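This report concerns only the one structure given below.
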Amino acid sequence: MKTRSQTTPKPLNTVRLPPVESPRTRSRPKPKPETRKKGTLGDLRRPKKPPTAFFYFMEDFRKTFQEENPSVKAMQDVGKACGEKWNKMAFEEKVKYYDLATERRAEFEKAMAQYNKKKNGELSEESE
DNA sequence: CCTATGATTGTTTCG
DNA sequence: CGAAACAATCATAGG
């Protein structure tokens, strides 16, 4: 409605709705995905990001998928199936997962506050 | 034995 | 606002 002088009022629920269906706006040139996970154990300082709705969906889907496809064990195969179904999933069904992720993020915000705070002290107290 | 990579999409973070 | 990296999972590879 009408003009919104404010740029993105940033609703409290940021989300619950699926992000605009961007037509692949995320351009990922994927130049050299050599080390996507560099410090699996060394980046503990980085607050782990909250799992996305997609991951939550995977938890459920993974179990179901393995039951129907005991042959498939690697997530790579399941992941593909997940993505395919995820795109076809009904918005209402996804909302359920979005809602989960939304709550998880709230907690994550706190972790972020500490992270920012720690960042300052880290300079002095790097090793813990 | 340990570590990294593979794939999926959504979210996070900084300037 | 945009770009880039990262989030979990599990099987597999090599030294």
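Worth saying up front: this structure is predicted, and the values here are computed from it rather than measured. A, B, ... follow the sequence lines: proteins, then strands. Residue 1 opens every chain.
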- Indicate yes or no for a side-chain donor-acceptor contact from A:Asp99 to the backbone of A:Val95 under 3.5 Å, with no hydrogens or angles considered. no
- Task: Evaluate whether the aromatic ring of A:Phe55 and the six-membered ring of the C:dA7 base sit under 5.5 Å apart, centre to centre, with an inclination under 30°.
- Result: yes
- Are the aromatic ring centres of A:Tyr97 and A:Phe57 under 6.0 angstrom apart? yes
- Message: Checking contacts here: which listed nucleotide (C:dC10, C:dA8, B:dT11) is nearest the side-chain heavy atoms of A:Lys49?
- Response: B:dT11
- CE of A:Met75 to CZ of A:Phe65: how many Å apart, nearest 0.5 Å? 9.0 Å
- Whole-Å distance between B:dT9 C1' and A:Lys85 NZ? 16 Å
- Query: How is A:Asn87 classified with respect to the nucleic acid when contacts are heavy atoms under 4.0 Å: base, sugar-phosphate, or nothing?
  - Reply: sugar-phosphate
- Note on the structure: Ranking C:dA5, B:dT13, C:dA11 by distance to the side chain of A:Phe108, first place goes to B:dT13
- Message: Rounded to the nearest 0.5 Å, what separates atom NZ in A:Lys85 from atom CE in A:Met58?
- Response: 14.5 Å
- Shortest side-chain distance from A:Tyr98, nucleotide among B:dA7, B:dT11, B:dT9: B:dT11
- Item | Protein-nucleotide distance (A:Leu100, atom CG; B:dT9, atom C1'), rounded to Å | 16 Å
- Item | Euclidean distance, atom NZ of residue A:Lys80 to atom C1' of B:dT8 [Å, nearest integer] | 9 Å
- Query: Is the number of heavy atoms from other residues, nucleotides or ligands within 6.0 Å of CD (A:Glu84) greater than 12?
  - Reply: no
- Task: Figure out the CZ/P separation between A:Phe54 and B:dT8, and round it to whole Å.
- Result: 9 Å
- Tell me, do A:Tyr56 and A:Arg104 make a side-chain contact under 4.5 Å, heavy atoms counted? yes
- Closest nucleotide of DNA chain B for A:Ala101 versus for A:Gly83: which of these residues is on the 5' side? A:Gly83
- Query: Listed in order of residue number, which residues of residues 61-68 of chain A have a non-hydrogen atom at under 4.0 Å from DNA chain B?
  - Reply: none
- Testing B:dG6, B:dT11, B:dT8 for proximity to the side chain of A:Gln76, the answer is B:dG6
- Query: What's the CZ-P distance between A:Arg105 and C:dA7, to the nearest Å?
  - Reply: 17 Å
- Message: Rounded to whole Å, how long is the line connecting atom CZ of A:Arg104 with atom P of C:dA7?
- Response: 15 Å
- Message: Heavy atoms only, 4.0 Å cut-off, all strands: where does A:Phe57 land among base, sugar-phosphate and nothing?
- Response: nothing
- Query: Please give, in whole Å, the distance from B:dG10 C1' to A:Met89 CE?
  - Reply: 14 Å
- Task: Specify whether A:Trp86 and A:Phe54 have parallel, tilted or perpendicular ring planes, treating 30° as the upper limit for parallel and 60° as the lower limit for perpendicular.
- Result: perpendicular
- Item | Atom-pair distance (OH on A:Tyr97; P on C:dA7), nearest Å | 23 Å
